[in-house]
Amino acid sequence: PWTVLALDGRLDHAGADALHPALIPLLESGASVALDCARLAYVTSAGFRVLLQAEKAQRKSGGRLLLAHLSPELVKFFEIAGLHTVLRLA
């Protein structure tokens, strides 16, 4: 089963600080987590950092991480940053 966390607004410093304690322990426990990004408007470097930490946690534990419903603009942003090769986007 997948745990779904919905992101809303900006994944900036404050958003990353709020997401980290909810996301990382789930992935460290081996859970499968889908981030619903349908309402996500923007991601800063702090947001990218927590997503990369999450990817590392899931790799170590055997969990799964999926970023779903990204807008075309955010997909392009992830591609420019090269993160589409590291994170699973859907």
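All heavy atoms count here, side chains included; hydrogens, waters and symmetry mates do not. Positions are given from 1 along the sequence.
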Which residues share a salt bridge (charged side-chain N to carboxylate O under 4.0 Å, His left out) with R39, sequence neighbours left out: D8

Looking at every non-hydrogen atom in both residues, tell me the closest pair between L7 and C37 and how far apart they are. CD1-SG, 4.1 Å

Heavy atoms only: give me the nearest I24-Q53 pair and the separation to one decimal. CD1-C, 3.8 Å

In terms of heavy-atom contacts, E28 and S61 come closest through O-CB, 3.5 Å

Quiz: residues 67-75 side-chain donor-acceptor pairs under 3.5 angstrom, not counting sequence neighbours:
residue, atom, partner, partner atom, Å
H69, ND1, D36, OD1, 3.1
S71, OG, E73, OE1, 3.4
S71, OG, L74, N, 3.1

How long is the span from the CZ atom in R64 to the CG atom in L27, to the nearest 0.5 Å? 11.5 Å

Distance from T3 atom OG1 to L65 atom CG, nearest 0.5 Å? 11.5 Å

Output side-chain donor-acceptor pairs under 3.5 Å for residues 81-90, partner residues at least two apart or in another chain, one line each.
residue, atom, partner, partner atom, Å
T85, OG1, G82, O, 2.8

For residues 2-23, which residue pairs pass the ring-ring contact (aromatic ring centres under 6.0 Å, His included) check, not counting sequence neighbours? none

Applying the 4.5 Å side-chain criterion to the ILVMFWY set and letting contacts propagate, would V4 and L66 be lumped into a single cluster? no

Listed once per pair and sorted, the ring-ring contact (aromatic ring centres under 6.0 Å, His included) pairs that draw on residues 23-51, sequence neighbours left out: Y42-F77, F48-F77, F48-F78

In chain order, what residues pass the side-chain hydrogen bond (donor to acceptor under 3.5 Å, both in side chains) check against T44, with sequence neighbours excluded? none

Student check: side-chain heavy atoms of L23 and L35 closer than 4.5 Å: yes

